[in-house]
Amino acid sequence: MKNYCLSDLIEIEALQNMADSLYQSTGMPLGIIDAIDNSVLVGAGWQDICTKFHRVHPKTLLRCQESDNYIKDHLKKGEACKYKCKNGLWDIGIPIIVSGKHLATMFLGQFFYEDEIPERNYFVDQGEKFGFDIDVYLKALDQVPHFNNEKIDYILSYNKSFIGFITKLAEGALSNKIAEKKFRTLVENTVEWVWQTDVNGHYTYVSPQAEKMMGYTVKEIIGKSYFDFMSSDEAGRIIPMVSKMLANHERIAGLENTLIAKDGSEKNFETNGTPLFDENRNFLGYMGTCRDITERKHSEKALHESEQRFRIMADGTPVMIWVADAKGNIEYINTAYRRFFGVNLAQVLGQNWQPLVHEENREKYVGAFMQALKDQKPFHATALVKNANKEWRWLESYGSPRFSADGKFCGMVGSSPDITERKQAEENLHSLNKELEQKVAEYTRVARDRAKKLQKLVGELTFVEQKERQRLAKILHDHLQQLLVGARMNSEILCRSVAEKHEKVAKKALDLINQSIKTSRSLTTELYPLVLQQGLSAALKWTVRWMNENQGLTVDLQTDLQIDPKQEDVTAFLYQSIRELLLNVVKHSGVKSARLEVVRDEAQKQLRVTVSDQGAGFDPGVALKDEGTGFGLFSIQERLQLMGGSIEIESSPGNGADLSLIVPLETKEEIEDDVTRKIRAEIKKTKPGEDKIRILVVDDHTVVRQGLSTLLGLHSGIEMVGEAGDGREAVEKARELHPDVILMDINMPKMDGIQATRIIRSELPCVRIVGLSMHDKQDQADQMIQAGASAYCTKDGSTDEILSAIRRSD
């Protein structure tokens, strides 16, 4: 649609006259500016101060334009925008909006308000600044009209109504132009040839389609009659038919005729016409259309020939072929149809074909056929029928909708091959398939049962493996390492008493024992770190420190508060897998840092462990395909799948890696351990008069207790007051003996050292406790200190270190 301007819709001269009258009656200067190209459409009463000064000088002109732009930017439909420009005068703008489009703006001004005294010095300075003739400029200033607020409101009200009047005129004109354009567009783009004749039958108007259809230009057709383009024979046939219609001013409807085009070719047309009358019912001529039906006529001829060929071909094929109309009535059957059923066309005309279908199939078959006719869609159905030999045979019918040249639905054409042999073969195959499915289902059930048993067996093997690792680690820790510690202590005692010539050998033996302890501890950690007994969270914190100290890998550990699974085998598996993934970072990534995140999802009842790094990355497909890649991911994935979990890998060469282990968990309630009790009564302890430090040794290994007692007893200032074999006994001995210092082993039966420390410190706050363990200092030092211990030492450390801790605690 064309973008119309206001000047396209309203006569500007008339608008100027109305504006002049408005100015004469109100004294308010006004102008109408085109909103599209900013051209001045109407102007009345424009002041000299504007036309001769402000809009002439380039700098003051910029101020005027700034005022115009401000007003245009703040215009709203039906509202006035007031603005005092930088040249010192007032302007008012009102938009002229036609059919939602801003076509122009009415500007009122410039003027002063009566209660506003112009600052004359301002205009004098402005005139001097821009080189104006001051006297002429001030004279022009004095001519600027003054209005009070009431008069301005009256003028605005009147002009808004005036703009409303302009808008209605413009919208009416726009509607007429749009309607006219639509009509012309419709006429000029319709596929028909639109024409109009006078009372004598001569063309007074023809649409451009006539040129395309006939080859004649519009000018060549205007003034001629309809019959001038017919052959003499066609005119002789048509004139008698049309003459009566013209004489009686009747409608011409569906008249088919042939015209001669400019190139000499014949064109078939369907002509329709309506008589035209004036308001007094005087006949003016005809208006009508000519539709080119040449192709339709050719199609009808070709269709007739095609039908002849179809009948010849259909009667020659061995497949049954039939034709039905839009209601399902049979119109044609071929020779094969007649022979198969032993009927002729008269016997099956209309709906008489339906009884040929077996009564058990009839309703479904006929219903499908009628629905296809209703939907004008292809038809397909099978049915049991009785042939001419009284045999029941299966037919499979196919039908395709057929349409006339003008798109009218005519019915269905189809075929019905005999599929009895195929049907029998399908039934035999179905029986075989059913038998095969039963066997496959049975084999599948057996395979599923075996798979479940295998999964259970693998799970049990995994559990047994972890238990065996734990057992071996416990043997190393509880027996071999304790014996080695006892041997170290006795060797240390021996080193103090042997002759000088044997001192070197004794120290060498002591060094070998220390190395054996270190090797045994490393092997214990490899098999099953005892810290796992405290849960996955504690084990991961220990692993992070171990990776940093032994592998130089910094691990950023992020965990939920409660992540520990209650299944021991799951805890062990996750620990081993995480350790394997972190070692993979060390071996393959080429970086010295990684991130370990463990999140417990209670909603999904699963634990998600993610190890990520920014290193070299790898191809997940290769890593998961074969155990030989060195990543160990194949084995981890296999075990996860058996546990009902999965592994997710996001990595590619050069882009780091994110590996997530997802493990299903059972809901576990954390049970508060209430074995210990806090005794609030404060027990006052009277320390004996001597200066010796009274020590109680607590360890579940006799050899360690004896070794520590013997070793520490050699030192003056220390008195060994007792021994205990577990935490519970330690609490009882502490209450009984009130020692100064307790050397407390951490891992013990019945009650561990951490729990015993809490109880003793709550009851006997004056007793100092030094924690002892076979593990590294940082492993359990924090837990012992939090429980109330004053210091922490490892059993394989030097005696001087233990002595120092005892004296510091004192």
Side-chain angles (χ1 to χ4, degrees), residues 1-2 8 176-306 403-408:
M1 184 63 68
K2 176 182 176 182
D8 296 326
N176 291 335
K177 285 183 176 292
I178 293 174
E180 180 183 350
K181 186 173 182 63
K182 284 182 178 179
F183 175 75
R184 184 168 295 278
T185 300
L186 179 64
V187 169
E188 293 180 355
N189 290 278
T190 184
V191 296
E192 299 180 346
W193 162 16
V194 181
W195 51 264
Q196 186 173 342
T197 65
D198 58 17
V199 294
N200 297 315
H202 296 125
Y203 289 115
T204 58
Y205 170 80
V206 291
S207 66
Q209 287 291 344
E211 295 186 16
K212 298 179 181 179
M213 294 180 181
M214 296 290 291
Y216 293 102
T217 65
V218 172
K219 289 183 179 180
E220 290 175 322
I221 297 175
I222 296 296
K224 294 184 178 180
S225 74
Y226 190 54
F227 307 109
D228 291 335
F229 299 96
M230 294 182 183
S231 65
S232 57
D233 291 342
E234 182 69 1
R237 183 180 73 85
I238 294 297
I239 288 175
M241 298 169 56
V242 175
S243 296
K244 182 181 177 181
M245 297 180 190
L246 296 177
N248 297 323
H249 302 155
E250 297 176 357
R251 286 187 73 254
I252 303 172
L255 177 65
E256 293 187 3
N257 54 273
T258 303
L259 301 181
I260 307 299
K262 190 172 184 178
D263 62 3
S265 61
E266 291 186 349
K267 294 289 186 74
N268 300 107
F269 289 93
E270 179 185 286
T271 301
N272 294 279
T274 301
L276 300 176
F277 301 92
D278 63 14
E279 61 274 10
N280 297 318
R281 294 297 298 170
N282 295 317
F283 178 64
L284 301 177
Y286 271 84
M287 173 177 279
T289 62
C290 286
R291 175 181 293 180
D292 189 344
I293 60 171
T294 305
E295 291 186 5
R296 191 188 81 187
K297 285 294 185 181
H298 291 167
S299 297
E300 289 175 353
K301 181 179 179 182
L303 179 62
H304 178 72
E305 295 174 352
S306 175
F403 300 89
S404 64
D406 59 357
K408 180 181 179 181

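Just so it is clear, the model here is predicted, and its values are computed rather than measured.
Of the inter-residue distances, the one linking Asp406 atom CG with Ile293 atom CD1 reads 11.0 Å to the nearest 0.5 angstrom. Here the CG-CG distance, from Asn200 to Asp198, works out to 5.0 Å after rounding to the nearest 0.5 Å. Trp193 CH2 to Glu211 CD: the interatomic distance, rounded to the nearest 0.5 Å, is 11.0 Å. To the nearest 0.5 angstrom, Leu276 atom CG is 6.0 Å from Met287 atom CE.
Proximity of a side-chain donor or acceptor of Glu250 to a complementary backbone N or O of Lys244 within less than 3.5 Å is not detected. A donor-acceptor contact shorter than 3.5 Å links the side chain of Asn272 to the backbone of Gly254. Under a 3.5 Å cut-off, the side chain of Thr197 and the backbone N or O of Gly285 do not form any donor-acceptor pair. For Asp228 (side chain) and Ser225 (main-chain N/O), a donor-acceptor pair under 3.5 Å exists by modelled atom type.
Counting heavy atoms from C-beta outward, Phe229 and Ile260 have side chains that stay 4.5 Å or more apart. Put simply, the side chain of Glu234 does not reach to within 4.5 Å of the side chain of Phe227, judged on heavy atoms. Residues Leu255 and Met241 are in side-chain contact: their nearest non-hydrogen atoms beyond the backbone lie under 4.5 Å apart. Contact check for Arg251 versus Pro275: side-chain heavy atoms found under the 4.5 Å cut-off. In this structure, Asn268 and Lys297 have side chains that are in contact, with non-hydrogen atoms separated by less than 4.5 Å. Side-chain contact between Trp195 and Ile221 is absent, with no heavy-atom pair separated by less than 4.5 Å. Side-chain contact between Phe269 and Asp292: present, with at least one pair of heavy atoms (C-beta onward) separated by less than 4.5 Å. Considering only heavy atoms from C-beta on, Leu246 comes within 4.5 Å of Tyr286 through its side chain.
By the neighbour-count criterion of 12 heavy atoms within 6.0 Å, atom CD of Glu295 is sparsely surrounded, having that number or fewer from other residues, nucleotides or ligands. Around the NZ atom of Lys262, the shell of radius 6.0 Å holds more than 12 heavy atoms that belong to other residues, nucleotides or ligands.
Under the ring pair (Phe, Tyr, Trp, His ring centres under 6.0 Å) criterion, His298 pairs with no residue at all, not counting sequence neighbours. Scanning for side chain to side chain contact (heavy atoms under 4.5 Å, CB included) contacts around Asp263 gives Ala261, Ser265, with sequence neighbours left out.
For the side-chain contact (heavy atoms from CB on, under 4.5 Å) criterion with Met230, the lone passing option out of Asn257, Thr258, Ile239 is Asn257.
Between Glu256 and Arg296 a salt bridge is recorded (basic side-chain N to carboxylate O distance below 4.0 Å).
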Please list, one pair per line, the donor and acceptor atoms closer than 3.5 Å that link side chains of residues 202-209 to other protein atoms, with sequence neighbours excluded.
from, atom 1, to, atom 2, distance (Å)
Thr204, OG1, Gln196, O, 3.1
Ser207, OG, Val194, N, 3.0
Gln209, NE2, Thr190, O, 3.1

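Side-chain contact, Asp233 with Ser231: no donor N or O sits under 3.5 Å from an acceptor N or O.
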